[in-house]
Every structure is written in structure tokens, then in C-alpha cells.
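Right, one structure below, let's go through it.
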Amino acid sequence: MHDTTALLVELGAVILGLGLLGRFAGRIGLSPIPLYLLAGLAFGHGGLIPLKASEEFTMVGAEIGVILLLLLLGLEYSASELVTSLKTQYPSGAVDFVLNATPGAVAALILGWGPVGAVALAGVTWISSSGVIAKIMTDLGRLGNRETPVILGVLVMEDLAMAVYLPLLTAMLAGVGLAGGSLALVIALGAVGLVLYLALRHGRLISRAVSSDNPEMLLLVVLGLTVLVAGVAQQLQVSAAVGAFLVGIALSGEVAEGARKLLTPLRDLFAAVFFVFFGLSTNPADIPPVLLPAALLAVVTAFTKIGTGYYAARRAGIGPRGRWRAGGTLVARGEFSIVIAGLAVATEPRIGPIATAYVLILVIVGPLTARWTQPIAAKIEARRGGGGGGKSTGTGAVVEKEPVAKAAPERRLPAHDGLAPEPVGEKHE
């Protein structure tokens with residue numbers, strides 16, 4: 001079969017298969033991420049039917065997928081929202097980092113992966129999945145709950161931290177040493193600061209320069225600008241993902257809304273390709289030996305995420321029921337963990353299997369902890385004589401008895417993988 005023909009046949013089969021898997025995941029109420037990963041494992045090296053003709057195209061598509069994931073994430077936030085989150089949520093962000101990055105780093109050192117592997121696995125266990133969490137809160141009807149802004153604040157802090165973490169990890173993976181890593185970090189921080197300043201002071205001018213009433217022109221300009229900036233960022237050892245994120249931050253108002261609508265289908269397509277490619281690059285035979293450490297790591301970091309959410313909600317003055325719900329909701333890991341592992345797998349191949357198994361476990365367990373953490377905590381308290389659990393429903397919804405404060409303004413939930421609900425607010429300048 002001709003190379004081009006084989007490429008078209010394989011690519012068409014992959015995309016069709018992803019569509020069917022996504023529909024099936026939607027019917028059973030799960031994130032499609034684990035199914036995409038399993039599909040990649042089934043058709044990758046060592047799988048049932050290895051895909052050879054489309055491998056190179058899939059690799060390029062995976063790179064585009066990461067760029068679009070971060071661009072759409074940046075479009076979800078305005079610079080002012082990010083600055084506000086930094087001012088109010090930094091203690092929770094610090095606790096989140098210490099509790100959830102430490103287990104990954106310790107596990108990597110125990111496994112003998114060295115400092116680079118420790119930094120990479122720390123990132124895998126640190127970052128929650130915004131897309132999966134958005135889907136969970138929508139399914140459970142919790143978008144209007146008091147703890148929802150707290151959950152969103154923790155996710156924003158994690159997303160901001162990626163602008164520092166990814167360049168540092170990229171520099172370490174490239175083996176540029178302490179000086180090179182420090183330079184990459186300084187460049188990243190300078191770029192973030194510059195973009196935030198320009199977006200705060202001159203956001204209207206930037207958006208006006210990019211704006212177009214023609215959807216085709218808007219799509220071409222935004223996509224071209226993003227890929228260009230991502231490429232320059234990659235050349236500077238800052239990370240293409242961070243460059244794409246900063247482009248999204250710089251755009252606001254109608255331009256951001258228009259670009260989001262146009263690029264969301266592309267993001268969903270190439271993000272699915274990215275997850276499949278990660279599975280393709282992992283040999284299924286490598287996963288069974290790491291299931292036990294992955295499961296242990298998943299258990300430990302599930303509890304540390306619950307602790308993170310509980311602490312953040314308590315700082316916000318939310319009662320015990322909301323604290324437990326916030327903690328349980330933050331457990332799911334997903335797209336960012338795979339992005340980090342994908343960056344590191346070339347230098348530390350052993351991270352691929354354990355990251356795949358880890359994400360598969362927590363992306364399935366996450367919806368369960370979100371639903372049942374608070375009811376279980378309530379029953380434990382009741383048995384101890386505390387009686388502070390409140391009434392829970394079969395769907396995980398809770399009848400609150402605690403005082404209700406003034407409702408926080410609704411905001412759009414960040415989405416990395418196409419699983420976010422319909423917008424609950426607009427991006428403000």
C-alpha cells in the first residue's frame with residue numbers, strides 16, 4: 001500500500017475510533033482520557049496492531065495538541081483574574097505544592113530516577129485535571145456551591161505555576177545545567193511578568209490588533225501567532241506550552257471569546273491525538289510491573305489532594321461539608337500530568353508507564369472521591385458523636401445547614417481537554 005494511502009487509512013481509523021470512544025465515555029459519565037490512553041497502548045509499540053504509517057503525523061499532532069491545550073487555558077483567564085488569584089490563593093497554592101509534589105519526588109528518588117526524574121514525577125503528582133474536575137462539578141450540580149470558587153482558585157494557581165515549572169523542567173531535561181536552568185527560569189518569569197503587564201495595561205490594544213469580524217481571519221491570526229510564539233519559546237528553552245499559555249492570557253474580551261469558540265474543536269481533536277500518542281509511546285508490557293507503585297502513589301496523593309482542598313476551603317471560611325467536597329473534587333489527575341510525563345519520557349523512559357497507570361487510576365477514582373468524600377466523612381463524624389455531616393443525597397449533593405455567605409461571582413471553569421461545561425461567565429479584561 002502506498003505510504004500516503006496507508007497514512008490516510010490509519011489516520012481515519014484513529015480519528016473515527018477516538019470519536020466512538022468519546023461518545024461511549026460520555027454515555028457512561030467518565031472522562032475520555034483513560035480510553036484514549038488505552039487506545040494508544042493497544043495500537044502502539046508492543047500493542048495489538050502497531051500504527052506505523054501515521055506515527056510521524058501523530059507525533060506532530062501531539063505537539064499541536066499541547067500548544068492548543070495551553071492556549072485555550074490562557075483564553076479562560078484575564079490578566080486581572082490571575083493577579084487576583086495570586087494575591088488571595090498563594091497560601092493554598094503553597095500547601096498544594098508541598099503536599100502533592102513531595103510524594104512524587106520521593107517516589108522517584110526511591111526508584112533511583114535521580115533529580116531530573118524526581119522533578120518530573122513531582123509535577124505529575126502535583127497538578128489536578130481542570131477538565132475532568134469541571135466535568136465532575138457539572139455532573140454533580142455543584143457549580144453554584146460555595147466551595148467552587150475555592151476549587152477554581154487552586155486550579156488557577158496550579159496553571160500559573162506551570163509557567164515557572166515547565167521551563168525549569170525543560171531546561172533540566174535538556175541537560176543545560178544550573179546556569180542554563182536559571183537563565184530559562186529568569187526568561188520565563190520575565191515573559192510572564194511582561195505579558196501580564198501588557199495585558200493589564202494594553203489588553204484592549206492587543207486584542208484590537210488581533211480582532212477580525214471574519215472568523216477565518218481570526219482563526220488564522222490567533223493560531224499562527226500562537227504557533228510562532230510557541231516555537232520561539234521552545235527555542236529559548238522556555239517551553240512551547242508556556243508560550244501558548246501567555247498568548248491566551250494576552251487576549252481578552254470579544255477576541256478571546258471568538259477565538260475560544262473557533263479553536264475549541266481543534267483543541268479537542270489534537271488533544272485527543274496527544275493522549276493517544278502518549279499511549280502509543282508506552283509499551284503495554286511495561287505497565288504491569290509498575291501498577292503497585294502507581295497505585296500506592298495514587299492512594300497517597302488522593303489523600304494529600306483532599307487535604308489541600310480542605311485547607312483551601314477552610315481558609316475561605318467554608319464549613320466542614322464544603323471543605324470535604326472541595327478536597328474530594330480536586331483528586332482527579334489528567335492532561336497536565338500526561339503533558340509533563342510526555343516531556344520527560346525521552347530523558348527518563350521509565351516515567352511513561354508509571355504516569356500512564358497513575359493517571360488511569362486517578363481519572364477513574366476522581367469522580368468517586370468527589371461524590372463520596374463528604375458523605376463518608378459525615379458518617380465518620382456521626383459515629384464519633386460529632387454529627388456534623390449534614391444530609392447527603394444519592395448523587396453526592398448535600399443539603400447545607402451552614403450559613404450561606406454572599407454568592408461569589410460565577411466564572412468560567414478552566415478546560416484542558418474539552419470536558420468543561422457550558423460557560424458560566426465571561427472572561428473580563
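- L263 contributes atom CG, which lies 8.0 Å from atom CG of L218 (distance to the nearest 0.5 angstrom).
- The two atoms that bring S337 and I127 nearest to each other are OG-O, 3.6 Å, heavy atoms only.
- Here salt bridge (Lys or Arg N to Asp or Glu O under 4.0 Å) pairs that include residues 277-300, with residues two or more places apart or in two chains, number zero.
- One N or O on the side chain of T125 and one on the backbone of A122 form a donor-acceptor pair closer than 3.5 Å.
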Only distances under 3.5 Å count here; give the side-chain donor-acceptor pairs of residues 287-301 to other protein atoms, sequence neighbours excluded, each with its distance to 0.1 Å.
unit_1 : atom_1 : unit_2 : atom_2 : d
T301   : OG1    : L297   : O      : 2.7
T301   : OG1    : A298   : O      : 3.4
T301   : OG1    : Y358   : OH     : 2.7

In residues 97-109, what donor-acceptor pairs under 3.5 Å come from side-chain atoms, sequence neighbours left out?
unit_1 : atom_1 : unit_2 : atom_2 : d
N100   : OD1    : T304   : OG1    : 2.7
N100   : OD1    : K305   : N      : 3.3
N100   : ND2    : D96    : O      : 2.9
N100   : ND2    : D96    : OD1    : 2.7
N100   : ND2    : T308   : OG1    : 3.0
T102   : OG1    : V98    : O      : 2.5

Using the side-chain contact (heavy atoms from CB on, under 4.5 Å) rule, take S211 and E254 through it: C-alpha gap first, then chi angles, then the decisive distance, then the call.
CA-CA 8 Å; S211 178; E254 294 182 1; over 6 Å; no

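- Closest approach of W113 to I351, counting heavy atoms only: CH2-CA, 3.7 Å.
- E348 pairs by the side chain to side chain donor-acceptor pair (under 3.5 Å) definition with R350, not counting sequence neighbours.
- A pairwise comparison of heavy atoms in V331 and G366 identifies CG1-CA, 4.3 Å as the closest pair.
- Listed by chain and residue number, L11, L269 satisfy the side chain to side chain contact (heavy atoms under 4.5 Å, CB included) test with I15 (two or more places apart in sequence, or in another chain).
- The distance from the CZ atom of R267 to the OG1 atom of T264 is 5.0 Å, given to the nearest 0.5 Å.
- Between V119 and Y165, the shortest heavy-atom distance links the atoms O-OH, 2.6 Å.
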Let me check something: any side-chain donor-acceptor pairs from residues 309-320 under 3.5 Å, sequence neighbours excluded? List them with distances.
unit_1 : atom_1 : unit_2 : atom_2 : d
Y310   : OH     : R323   : NH1    : 3.3
R315   : NH1    : T88    : O      : 3.4

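- A distance of 12.0 Å separates CD1 in I133 from CZ in R142, rounded to the nearest 0.5 Å.
- With sequence neighbours excluded, no residue forms a side chain to side chain contact (heavy atoms under 4.5 Å, CB included) with L368.
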Walk me through it: do I64 and L266 pass the test side-chain contact (heavy atoms from CB on, under 4.5 Å)?
CA-CA 9 Å; I64 297 174; L266 279 178; over 6 Å; no

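- Listed by chain and number, the residues in a side chain to side chain contact (heavy atoms under 4.5 Å, CB included) with L360 are P34, L37, L38, T356 (sequence neighbours excluded).
- Of all heavy-atom pairs between Y36 and G22, the closest is OH-CA, 4.0 Å.
- Here the CD1 atom belonging to I340 is positioned 10.5 Å from the CZ atom belonging to R333, to the nearest 0.5 angstrom.
- A distance of 12.0 Å separates CD1 in I151 from OG in S92, rounded to the nearest 0.5 Å.
- Atom CD of Q374 and atom CD of E381 lie 10.5 Å apart (nearest 0.5 Å).
- R325 approaches T329 most closely through the heavy-atom pair O-OG1, 2.7 Å.
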Show, in sequence, the C-alpha distance, side-chain angles and deciding distance for M157 and V154, and conclude whether the side-chain contact (heavy atoms from CB on, under 4.5 Å) test is met.
CA-CA 5 Å; M157 288 297 300; V154 172; 5.7 Å; no

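- The side-chain heavy atoms of L330 and L155, taken from C-beta on, include a pair separated by under 4.5 Å.
- Residues forming a side chain to side chain contact (heavy atoms under 4.5 Å, CB included) with V227 (at least two apart in sequence, or on another chain): L223.
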